[in-house]
Structures are given as structure tokens and as C-alpha cells.
Protein chains: 2
Amino acid sequence: MKDVAAAAGVGLKTVSRVVNKESGVSPAMAARVRAVIDELGFRRNDSARLLRTGSTASVGLVLEDIGDPFSSALSRGVEAVAREHGCLLLTGSSAEDADRERELALALCARRVDGLVVVPAGGDHEYLLPEAASGLAVVFLDRPGAGIEADAVLSDNAGGARAGTAHLIAHGHPRIGFIGDLPHIHTCAERLRGYREAMRAAGLPVDERWIATGPTDPATVGRAVRRLLTGGPDGNGGPDPTAAERAAEPVTALFTANNRVTLAALQALAGLPARPALVGFDDLELAALLSPGLTVVAQDPEALGRTAARLLFDRLGHDTSPPRRVELPTRLIVRGSGEVPPA
Amino acid sequence: MKDVAAAAGVGLKTVSRVVNKESGVSPAMAARVRAVIDELGFRRNDSARLLRTGSTASVGLVLEDIGDPFSSALSRGVEAVAREHGCLLLTGSSAEDADRERELALALCARRVDGLVVVPAGGDHEYLLPEAASGLAVVFLDRPGAGIEADAVLSDNAGGARAGTAHLIAHGHPRIGFIGDLPHIHTCAERLRGYREAMRAAGLPVDERWIATGPTDPATVGRAVRRLLTGGPDGNGGPDPTAAERAAEPVTALFTANNRVTLAALQALAGLPARPALVGFDDLELAALLSPGLTVVAQDPEALGRTAARLLFDRLGHDTSPPRRVELPTRLIVRGSGEVPPA
DNA sequence: TTGAAAGCGCTAACAT
DNA sequence: ATGTTAGCGCTTTCAA
């Protein structure tokens, strides 16, 4: 900019005015400056500008895994709203690792993003307190944060799981298996709660060996599927190994608690002759084209992302009301797999 | 930082040294400074730091649509490599719009990203020349750029389409329909070229009415599917309307040129009694679980992203060799839908 | 080992 | 309508 001013033989501020389309510059002067700008290929350095003005016109998004369709739909929602506000989006993935989440969030803060949308991987967010104290707006997405008072946007996980489980019960299944990811993850815990509530509401007992939680790789989920369907021992070595080692009653239906689990379960079931009823949490792209079609409890991840971003910008607009927790409804989509009667 | 220095009663530079873990500070002093830092909740402002040092330790990624599974896999690849290099990733979507791409790329440049990975939406990238001249590294991804000499990482689109089409031909289909997205998009054009080459290599004629390009919404693709299968007029009002209005021979197989087209075509086919053979470009998550399984020409989007990012960091490491074009192979995955014989 | 001064590229506030 | 000065928060340079 200094170069432009020198080359055009004008003051620095005049160039600044032209670049920022401020009024108070004669057309002739503006034209001359613009000519020099083009000639020199000058582009304003926004980092410097933003350092000076204080705002950064950018928000950060910490996802669990940008490659997961659910995450990318979230991020589409956040991006759309950020864009409406003329804000750039800085994104990173935590790979479901608490340290990485922290590191990433702090890196974004060091860049002085105006606000942060976080899909929590860790269970403690106290590390954001100093940032929040110095003006950072924070919204948690998909899962609530801990150790800091902040807005959260979630799906009605328990309600959705309740509806999905009740749907299976209504189709005659008294024994239903639950397969989820890691039990300490909020969404998994809530969906399990919904499952238990639906069972209890129907007066059905729950055998703890019907509940499988763990990694979502196809091998692990495949083992869980086969165990639940045959009633074998759980192999987890739970608090009561002798009970766990006894065979459980086989289930006739499965509730799979997220998209990756559902996918892995479908793969495991593909080889089997008789298929249990299945309801999955999260919709899948080809769900309607399977046979039978896949019955799911669908979230609206893009709406989740948009809602979180709106909340964030409300806060940036100095909305100082107490932290809110917004819960978005889920929707049961009936397509066939959940209506199979017990074998 | 100034505040910390004042509160600790030390010089500014000492605080800077402690924050950056530079050597040359006595342990006692360092401890005192760190105590004040914690007390005040001080966090270094990286924007200011980077303004001073010149580098920004960040790279930009301009995608077509972050919500598309293909894009998000690309971005996972880019992010992984950026992370290895301690770089933050700034991402945005162009929504397949040239102006938006430009606007986004320039916004990232104004933030002084060190490098830019661009999935081109527009056909002209001259606007990046001034940036490149002042040191920006640029790599195009998925499609080549135009108007600027830069690296590009692509899939072997023509080769993949050739293999897919040849596969259908080998299974006895002389008449094969091609459904793609917009014909000016490089990937579509290349895949169409591959299709034509395979047909010619087999000595088969191509009726232009077997080729449908346009938007990828389910309605448009559905119409194309039905037209190709029944041999109705093309309705495009092409250069030879009278010929176009004559009925064409119905095709017995379809080659769908990207994931969205494949998805839409599958939806359209779901309602139909007799199904044509189908090979799609791009793999889909549930492809193996459909019946018949979906035969595809698979790309490796994560590898595309990683390769592009590696090339970018090579350039940032002052690799000044002439621009390269890297082409990654595709893989035909046989699952059933492409092996259906002609009706 | 420590610190003062200069300056990265820009804009806000105040001249002219 | 245009220019000058100071300073955003940090690092670099050089001096003590």
C-alpha cells in the first residue's frame, strides 16, 4: 500500500480510501490510484487490516471428522450462515480426540476468530474460559460442552431413540439389541437412554447383554451383530463375568445408534440368511434404495449447523441472555427395515 | 503481552521469549512470567505474530460443495497433510459458481494464506496471477485451472470412463447411455471422451441422443433415464431438431458420470420393472449393499486431496520445477449392476 | 540474560 | 479532498 501511494504520488490514506471505497476521494484521483493498484497487482492485506480494526470477520469450526457425511452436512450449515454474515470459516477436525480438539480450538483462538462452533470430542472445555472472558463467542454443536457456560445445539437424541425403539416394539419385537459407539459420548448415552425409556414404557425387560457399545469399525460392529443375533456371551468381561458368559436370549431387532454403526451393521447383515428388523439413527444417502428400505431416525445436520451458527452470530451481536440449549426434533422415516416382524 | 510485561515488571521481549519458549531466559524469570500469563489469561495473538513474521501457517481450500461426500473426502485429505505441516486450513465452498469461487479465493488471499488448493468452478483463473506473482502457491484439484500455470491433481477421468464403458460393452451392451452433469465441467467432458473412446474402440456407433448432460437434480436425471430407456426424443432441441425429435434406439445400459447422477439414476430406476445395466463413476457408501451391488469406477478422493496438499507444500518449500499435472488412477469395482446382460 | 526501539501493513483520529 | 501521525500486538535487531 505504501508502494502504491509512492508510485501514485499520493498519501497513504488516499490509497486506503480508494481500496475501501470510502467517500471523499475525487473521481480523478481514485482512477489514478486504481490504475496504479492494477499495475502493481496490489491486494490489501486483511490480516493487517483486521489486526488494526480488532475484528477478524472469521469464525472457527471444530468438527469431529470432516470426512464423515454427518460432519460435512453440519459444516455446510455453518458455512452458509457465516457467508451470510460475510465471515470466513476456519475448519478443522479433532478425530474424536480431546487433546486435538483443544489444540485446534486454541489455534483458532490464537488467530482471533470472532466465534467458535465446537463439536466436543473431549469432556472438558474449561480451557476456553480465558478466551470467553476476552470476548470469544462459543456454541457447542451436536453435543453439549462442559466446564463452561455456553449455548448448545443438539438433536433430540433420547426422543429419537425412544421413537425408533418404540417403532420396533410396535412391530412385535420384545427383544431389541442396541449398538452404539463409545458410551461416554453424549449422543450415544442419550440414545441409549431413549432406548431404555421406550423399553420400560412398553413394560419390556432389558438384558444388558443386548447393549453393545464400542468402536464403530466393521469388524467390531460385525461381532456385536452376530453375538446379539445368536445370543452368545458378550465377551466384554463386564462387572458380572459369569452372567455375561451365560448365553442371552437372541434379539429379533436391532437399533443402531449412528450412521457408521448402521453402515457396519448392514454390511454384517448382508451375509446372513434371516435378517432382523433394523432401525438406524441418522439417515443414509441410499437408505431408500436398499431392500428392504432402511427405516431411520433422521436428524437434520444442516439445520443443526445453521442453528448453531445463528446462535453464534446472535452472541456476536451482543445478545447477552443466559446460555440456551436448543434441541432440534428428529424424524422417523419408515422404509421397510423397521417393519419386519420377528422371525 | 504488554500487560503481562507490565504486571511482571519485565521487558516486552522477555515475555515474548517465554511465550515462544526461546532460550536465554533464567528459570526464575520464566516462572514469574508464566505465572502472570496464567493469572491474566493471556494468549498470544497469532495474527499479529504472523503479520510480523510474514508467514501465516495456513492454507486455503476452495471446494465446490463442502456438503458433498466427494468434497468432504477431498478436504479430509488436504487437512491431514496441512496438519502434518502444522498448518491451519481455511475452507469455503463455491457452490459451483465462478464468481463465488473467485471471491472466496481472493478473500483467502487477502488473509495471506501461504497456499491455495482450488477445485475450479470457473473456467478462468487469471485473477490469481497477481497473487502467484507475490508468492502464493496454487494447486488445482479435481479439475485443471486455466489462465495460470499451476500444478493440478486429477483422476484419470477419461481412462476410468473408458474402463467402465468397456466393461458394459464386454457384457454384451451395444447401446449405452451416458448421463453427466454440465458438459463444460472438465470432469464431465473427460468422462464423456472416455465413453466415446471405448465405444469407438469396440467399433460401436454412438447415437448423440444417448448422451444426456445437464443439472443433476433427481427430476432432470429421472427424465433422462426414462428417455434413454424408451428411446424417446431428447427434448434438448439440439443442432438438428428434426433428428433429435426422432425416436432413438433404446439403450440397455447406462454409464452415470458422477456420484450425484448415479444416485439420482438409481432413484429413477427403483420404480422401473426391468433394469438396465449400470456403471457409475464415483463410489457410494452403500454401493455394495444394493441389489444388485453397484458396479463403479471409483476414485480415491482422500488421496487426491493428500496429493494436492503435498504438491502445495513442495511448492512452499521452494520447489520451482515446472508445473506438474498428476493423474491418479481409478479402479473398477465389480459388484453386479454392471454385469446385467441386455434385456 | 535482559530490554529498548523499530517496524510488519493497515486504519482511526486528527490535521491541513 | 487529501495527508500526517500514532498504534493494533507482535518479533527482529541491536545494545546493555
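Only this structure's heavy atoms are used, side chains among them; waters, hydrogens and symmetry mates stay out. The chains referred to below are lettered A, B, ... by the order of the sequence lines, with proteins before strands, and numbering in each begins at 1.
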Closest contact, heavy atoms only, A/Phe140 versus A/Pro120
CD2-CG, 3.6 Å
On DNA chain D, reading 5' to 3', which nucleotide is the first and which the last to sit with an atom under 4.0 Å from a heavy atom of chain A, could you check?
D/dA1 to D/dG9
How many whole angstroms separate atom CZ of B/Arg52 from atom C1' of C/dG9?
11 Å
How close do A/Leu316 and A/Ala137 get, heavy atom to heavy atom, and via which atoms?
CD2-CB, 3.8 Å
Which pair of non-hydrogen atoms, one from A/Leu61 and one from A/Ser75, has the smallest distance, and what is that distance?
CD2-CB, 3.6 Å
Which heavy atom of A/Leu304 sits nearest a heavy atom of A/Ser155, and at what distance?
CD1-OG, 3.6 Å
Distance-minimising heavy-atom pair for A/Glu126 and A/Pro130
O-CD, 3.9 Å
For B/Arg112 and C/dG9, what is the distance between atoms CZ and P respectively, to the nearest whole Å?
9 Å
Phosphate-side-chain proximity, A/Asn45 and C/dC8, N/O vs OP1/OP2 below 4.0 Å
no
Check nucleotides 1-5 of chain C against the protein and report each pair of N or O atoms closer than 3.5 Å, with its distance, or say if there are none.
residue: C/dT2; atom: OP1; partner: B/Ser26; partner atom: OG; Å: 3.0
residue: C/dT2; atom: OP2; partner: B/Ser26; partner atom: N; Å: 2.7
residue: C/dT2; atom: O4; partner: B/Arg17; partner atom: NH2; Å: 3.4
residue: C/dG3; atom: OP1; partner: B/Gly11; partner atom: N; Å: 3.3
residue: C/dG3; atom: OP2; partner: B/Gly11; partner atom: N; Å: 2.9
residue: C/dG3; atom: OP2; partner: B/Thr14; partner atom: OG1; Å: 2.2
residue: C/dG3; atom: N7; partner: B/Arg17; partner atom: NH1; Å: 3.3
residue: C/dG3; atom: O6; partner: B/Arg17; partner atom: NH2; Å: 2.9

Paired with A/Thr307, the side-chain contact (heavy atoms from CB on, under 4.5 Å) test is passed by just one of A/Leu312, A/Asp151, A/Val326, namely A/Val326
Check against side chain to side chain donor-acceptor pair (under 3.5 Å), B/Ser58 and B/Thr56
CA-CA 5 Å; B/Ser58 60; B/Thr56 64; 3.0 Å; yes
Criterion side-chain contact (heavy atoms from CB on, under 4.5 Å) against A/Val62, the qualifying member of A/Glu103, A/Arg102, A/Glu101:
A/Glu101
Which part of the nucleic acid, if any, lies within contact of B/Asn20, taking any heavy atom under 4.0 Å across all strands shown: a base, the sugar-phosphate backbone alone, or nothing?
sugar-phosphate
